[in-house]
Amino acid sequence: MDIRPILTTLRRHKTAAALIVFEVALTCAIICNAVFLIQSRITRMNSPSGMVENELVRVGVRGINEHGDNEALTRSDLALLRSLPGVKSVSTANQVRYGDSSWNSGINLTRDQKIPNASVSTYLGDAQFVKTLGLKLVAGRDFNADEMISYAKLREPGANVAVPSAIITRALADKLYPGQDPVGKVFYSWGDEPTRVIGVVEHLLRPNDWIKPGMGEFSVIFPIEMGYDAGIYLLRVDPSQREQVLKSAGEALVKNGPVRILSERNARVEDMADKFYQTDRSMIWLLSAVCIALLIVTALGIVGLASFWVQQRTRQIGVRRALGATRGQILRYFQTENFLLTSIGIVLGMAMAFAINLALMKYYELPRLPALYLPLGALCLWALGQVAVYGPAKRAAMVPPALATRSA
């Protein structure tokens with residue numbers, strides 16, 4: 001089809017054409033970035049934590065002006081919790097995924113290097129930590145009881161206690177030792193002495209992984225026993241008895257240490273996850289609504305403008321029909337016209353999409369927009385334009401030549 005008549009017509013309606021181009025460009029720019037953000041949030045929500053979330057509960061207590069033997073009381077707490085009905089295993093820890101505490105440190109592969117190879121989340125757990133969380137060991141072994149170190153000793157003034165072993169995640173192993181067997185390798189993170197990797201778990205997310213892409217699974221577990229005063233208790237229980245265990249565990253701990261109070265953040269880990277991702281779900285719904293609204297407004301704008309142009313060009317359509325133009329040719333005329341306008345808008349929208357993404361990267365540390373989203377957005381808007389213009393174009397094609405000519 002010769003597009004020169006279409007271009008000539010568009011030049012006579014510059015304002016209306018510019019409005020459609022701008023509307024398509026704005027929709028393209030916003031939707032590409034919005035869909036990317038939605039996909040990022042969905043990916044984050046679906047990332048495996050590595051834990052058996054439906055079997056875990058978090059319990060914590062704090063002392064009130066107590067200066068007794070916290071280590072002995074912690075051991076007594078653990079024995080008491082393990083005796084409760086429905087409890088499979090219990091572990092002490094410094095933090096848990098979805099919690100409000102995040103311990104982080106850098107990891108070096110050599111003793112004196114200035115810039116760390118990776119920033120990691122530091123989990124401190126006892127010999128039951130891996131079992132309690134249900135972490136899957138994919139290489140090496142779990143901690144032995146004789147490898148445990150008391151956190152209280154690490155906090156003593158002038159203490160220089162080495163931590164000789166650790167378990168890391170597979171993502172961190174791939175980062176530190178690409179293409180190598182990580183078991184037996186060493187790194188430096190706790191003091192001046194090297195720490196040896198004895199095991200690798202498949203997954204263990206950071207408490208808060210909304211950081212640079214690819215770093216959400218950079219976690220390391222050290223064999224350090226936390227006291228109740230500095231850590232929390234994690235209980236792996238029968239899923240059907242979580243509420244009962246949570247209640248009975250709290251009551252038992254208070255009775256075991258009368259000068260203590262329960263933490264207000266005791267909860268099922270599954271409920272913690274639900275609360276943790278509430279913002280992500282809200283963002284997904286909000287951005288989805290924005291995308292749908294933009295697509296509807298753009299479609300209505302195309303329909304409205306096409307209907308207006310059909311009405312204004314009735315005589316032109318009649319002349320073309322009288323000269324032998326078929327209904328199919330009239331239909332294709334308006335579809336081609338819409339395709340040209342949409343294409344110009346898409347090109348401008350792609351440039352705007354990259355500009356918006358650069359701003360998001362700069363101010364919110366979001367990742368770069370993958371190039372794949374641009375052609376997908378273009379296809380979506382081309383299809384939308386063709387569907388929206390089809391009705392007015394079909395009405396134009398159905399106008400009888402004689403009636404169109406008389407209406408001039």
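Basis for what follows: all heavy atoms, side chains included, without hydrogens, waters or symmetry-related copies. Position 1 is the first residue of the sequence; numbering continues from there.
- Checking side-chain atoms of Q180 against main-chain N and O of P182 turns up no donor-acceptor pair under 3.5 Å.
- Taking 4.5 Å as the limit, every side-chain heavy atom of V183 sits out of range of all side-chain heavy atoms of I198.
- Looking only at side-chain heavy atoms (C-beta outward), L374 and F354 come within less than 4.5 Å of each other.
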Let me see the working for L331 and Y333 under side-chain contact (heavy atoms from CB on, under 4.5 Å), right down to the final yes or no. CA-CA 5 Å; L331 184 66; Y333 174 91; over 6 Å; no
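- Looking at I167 and V130, their side chains come closer than 4.5 Å, going by heavy atoms from C-beta outward.
- V254 places none of its side-chain heavy atoms less than 4.5 Å from the side chain of R260.
- By the neighbour-count criterion of 12 heavy atoms within 6.0 Å, atom CZ of R62 is densely surrounded, having more than that number from other residues, nucleotides or ligands.
- For the 3.5 Å distance criterion, the side chains of Y123 and N94 fail to qualify, holding no donor opposite an acceptor.
- Using a distance-only test at 3.5 Å, with no hydrogens or angles considered, no donor-acceptor pair links the side chain of R82 to the main chain of K88.
- L135 has its side chain within reach of M51: a pair of non-hydrogen atoms, C-beta onward, lies under 4.5 Å apart.
- Atoms CG and CZ, from D271 and R58 in turn, are 13.0 Å apart once rounded to the nearest 0.5 Å.
- For the residue pair D238 and S240, a side-chain donor N or O sits within less than 3.5 Å of a side-chain acceptor on the partner.
- The salt bridge (charged side-chain N to carboxylate O under 4.0 Å, His left out) pairs that include a residue from residues 19-34 number zero, where partners must be two or more places apart or lie in different chains.
- The salt bridge (charged side-chain N to carboxylate O under 4.0 Å, His left out) analysis of residues 175-186, with sequence neighbours excluded, yields no pairs.
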*Show the numbers, then the answer: is there a side-chain contact (heavy atoms from CB on, under 4.5 Å) between F22 and L348?*
CA-CA 8 Å; F22 177 76; L348 294 176; over 6 Å; no
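- Remark: the backbone N or O of L109 is paired with a side-chain donor or acceptor of N117 at under 3.5 angstrom.
- In this model, a donor atom of one side chain and an acceptor atom of the other lie less than 3.5 Å apart for R206 and N104.
- Taking CG from L176 and CD1 from I168, the interatomic distance works out to 5.5 Å, rounded to the nearest 0.5 Å.
- No salt bridge links R111 with D192; every basic N to acidic carboxylate O contact stays at or beyond 4.0 Å.
- Remark: L366 CG to I356 CD1 distance equals 12.5 Å, nearest 0.5 Å.
- Side chain of S189 to backbone of G106: a donor-acceptor contact under 3.5 angstrom is found.
- Under the 3.5 Å distance criterion, the side-chain polar atoms of T195 are matched with a main-chain donor or acceptor of V163.
- A388 approaches V303 most closely through the heavy-atom pair O-CG2, 3.1 Å.
- Here the side chain of N33 pairs a donor or acceptor atom with the backbone of A29 at under 3.5 angstrom.
- Contact check for I284 versus I42: side-chain heavy atoms found under the 4.5 Å cut-off.
- Pairing each heavy atom of S150 with each of I224, the nearest pair is C-CG2, 4.4 Å.
- Heavy-atom minimum distance, S219 versus L205: OG-C, 3.9 Å.
- Two residues are said to be in side-chain contact when any heavy atoms from C-beta on lie closer than 4.5 Å; V59 and I232 fail this criterion.
- A cation-pi geometry, defined here as NZ or CZ lying under 6.0 Å from the six-membered ring centre and within 45° of its normal, does not hold between R44 and Y277.
- Salt-bridge check for D274 with R268: failed, with every basic side-chain N at 4.0 Å or more from each acidic carboxylate O.
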Carefully, step by step, assess D100 and R265 under the rule salt bridge (Lys or Arg N to Asp or Glu O under 4.0 Å).
-> CA-CA 9 Å; D100 52 6; R265 296 184 292 274; 3.0 Å; yes
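- Residue I346 holds its CD1 atom at 6.0 Å from OG1 of T342, rounded to the nearest 0.5 Å.
- A side-chain donor from one of S121 and Q95 sits under 3.5 Å from a side-chain acceptor of the other.
- Between the side chains of T122 and W190, no donor N or O sits under 3.5 Å from an acceptor N or O.
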Exercise for the section: Test side-chain contact (heavy atoms from CB on, under 4.5 Å) on L341 and V24 and set out the steps. Expected result: CA-CA 8 Å; L341 290 174; V24 171; over 6 Å; no
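- Panel note: side chain R242, backbone P239; a donor-acceptor pair is recorded below 3.5 Å.
- A donor-acceptor contact shorter than 3.5 Å is absent between the side chain of R75 and the backbone of N70.
- Here the CG-CH2 distance, from D280 to W285, works out to 14.5 Å after rounding to the nearest 0.5 Å.
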Review point. Would Y188 and Q113 satisfy side-chain hydrogen bond (donor to acceptor under 3.5 Å, both in side chains), going step by step from the backbone distance to the final call?
Key: CA-CA 10 Å; Y188 295 84; Q113 70 184 73; over 6 Å; no
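- For the pair R236 (side chain) and E55 (backbone), a donor-acceptor distance under 3.5 Å is absent.
- Other residues, nucleotides and ligands contribute over 12 non-hydrogen atoms within 6.0 Å of the CD atom of Q278.
- When all heavy atoms are compared, the tightest approach of N357 to L369 is OD1-N, 2.8 Å.
- Side-chain N/O atoms of Y373 and Q39 include no donor and acceptor closer than 3.5 Å.
- Look at R170 and E217 and you find no salt bridge, because none of the NZ, NE, NH1 or NH2 atoms lies under 4.0 Å from a carboxylate O.
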Practice task
May I have the step-by-step check of side-chain contact (heavy atoms from CB on, under 4.5 Å) for Q329 and R332, ending in yes or no?
Solution key: CA-CA 5 Å; Q329 289 174 325; R332 287 193 296 274; 3.3 Å; yes
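- Rounded to the nearest 0.5 Å, atoms CG (L376) and CD1 (I31) are 12.5 Å apart.
- The two residues D126 and V90 have their closest heavy-atom pair at OD2-O, 4.4 Å.
- Shown are L81, V237, V57; of these, the side chain to side chain contact (heavy atoms under 4.5 Å, CB included) with V87 is made only by V237.
- Residue P392 comes nearest to V310 through the heavy atom pair O-CG2, 3.6 Å, listed as atom of the first residue, atom of the second, then distance.
- A donor and an acceptor atom, one from each side chain of T110 and D112, are nowhere located under 3.5 Å apart.
- Side-chain atoms of W103 and S101 include a donor-acceptor pair closer than 3.5 Å.
- Between L133 and L56 there is a side-chain heavy-atom pair separated by less than 4.5 Å.
- Of the possible polar contacts, one joining the E147 side chain to the N144 backbone as a donor-acceptor pair under 3.5 Å is found.
- No hydrogens or angles considered: nothing links the side chains of E251 and S248 as a donor-acceptor pair under 3.5 Å.
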